[in-house]
Amino acid sequence: PGYWTGLEPPRCPGFEAETQTLSSLRTPNLRQRGPALREALENYFENGWTLTEVLFSSLSDEAAFYRPPAHGLRHAMVFYYGHPAALAIN
């Protein structure tokens with residue numbers, strides 16, 4: 001699909017070309033410093049964002065983003081779409 005807002009899965013850290021799978025990265029070691037820590041944090045964010053987009057791409061149609069669940073105990077899915085980006089900043 002041409003709708004990725006971040007990296008396409010094959011270009012994302014954590015993508016395994018042999019099996020065509022994308023896996024979560026380990027939490028970065030915050031004791032690192034300098035460019036190594038920056039790269040680890042960027043890779044971790046890109047991986048999490050791509051995994052989020054892969055998950056949301058499985059929704060059946062656009063209405064699934066906005067329709068609240070039948071049980072009423074949670075928000076509509078669109079509420080959760082921006083969480084990884086917002087929480088990575090804060």
Side-chain angles (χ1 to χ4, degrees):
Y3 53 77
W4 304 106
T5 61
L7 298 176
E8 293 181 15
R11 295 180 43 228
C12 182
F15 184 78
E16 178 60 50
E18 186 176 313
T19 59
Q20 295 290 297
T21 57
L22 179 62
S23 300
S24 297
L25 296 180
R26 295 179 67 100
T27 305
N29 178 359
L30 299 179
R31 294 182 182 177
Q32 290 180 310
R33 294 289 180 251
L37 176 59
R38 181 182 178 94
E39 181 180 1
L41 291 172
E42 287 176 0
N43 287 342
Y44 189 70
F45 174 79
E46 291 290 356
N47 176 262
W49 185 249
T50 301
L51 285 167
T52 298
E53 289 205 308
V54 168
L55 174 67
F56 277 84
S57 73
S58 69
L59 295 178
S60 61
D61 59 20
E62 191 173 307
F65 275 95
Y66 304 105
R67 185 177 41 248
H71 53 65
L73 299 175
R74 296 194 179 272
H75 297 285
M77 293 300 287
V78 70
F79 176 81
Y80 301 101
Y81 185 71
H83 273 62
L87 296 175
I89 302 291
N90 294 315

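Leu30 forms part of a hydrophobic cluster together with Leu37, Leu41, judged by ILVMFWY side-chain heavy-atom separations under 4.5 Å.
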Any chance you could lay out the side-chain contact (heavy atoms from CB on, under 4.5 Å) test for Arg74 and Tyr80, step after step, and finish with the verdict?
CA-CA 10 Å; Arg74 296 194 179 272; Tyr80 301 101; 3.7 Å; yes

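Hydrophobic clustering, with ILVMFWY side chains joined whenever heavy atoms are under 4.5 angstrom apart, keeps Leu55 apart from Leu51. By the criterion of side-chain heavy atoms lying less than 4.5 angstrom apart, applied directly or through intervening Ile, Leu, Val, Met, Phe, Trp or Tyr residues, Tyr81 is grouped together with Phe45 in one hydrophobic cluster.
The backbone N or O of Leu7 sits less than 3.5 Å from a side-chain atom of Thr50, completing a donor-acceptor pair. Within the 3.5 Å criterion, the main-chain N or O of Cys12 finds no donor-acceptor partner in the side chain of Asn47. Panel note: side chain Gln20, backbone Ala17; a donor-acceptor pair is recorded below 3.5 Å.
Residues Leu25 and Pro13 come closest through the heavy atom pair CD1-CB, 3.9 Å. Pairing each heavy atom of Trp4 with each of Ser57, the nearest pair is CH2-OG, 4.4 Å. Minimum heavy-atom separation, His71 to Leu73: ND1-N, 2.9 Å.
Summarising the local packing, CD of Glu39 is surrounded by 12 or fewer heavy atoms from other residues, nucleotides or ligands at distances under 6.0 Å.
Taking 4.5 Å as the limit, every side-chain heavy atom of Tyr44 sits out of range of all side-chain heavy atoms of Arg26. Side chains of Glu46 and Asn43 form no contact here, defined as non-hydrogen atoms less than 4.5 Å apart.
Side chain to side chain, Thr5 and Trp49 meet the donor-acceptor criterion of an N or O pair below 3.5 Å.
Annotation: Phe56 is in aromatic contact with Phe65 [ring centroid separation under 6.0 Å].
Taken from CD in Glu62 to CZ in Arg67, the straight-line distance is 11.5 Å, to the nearest 0.5 Å.
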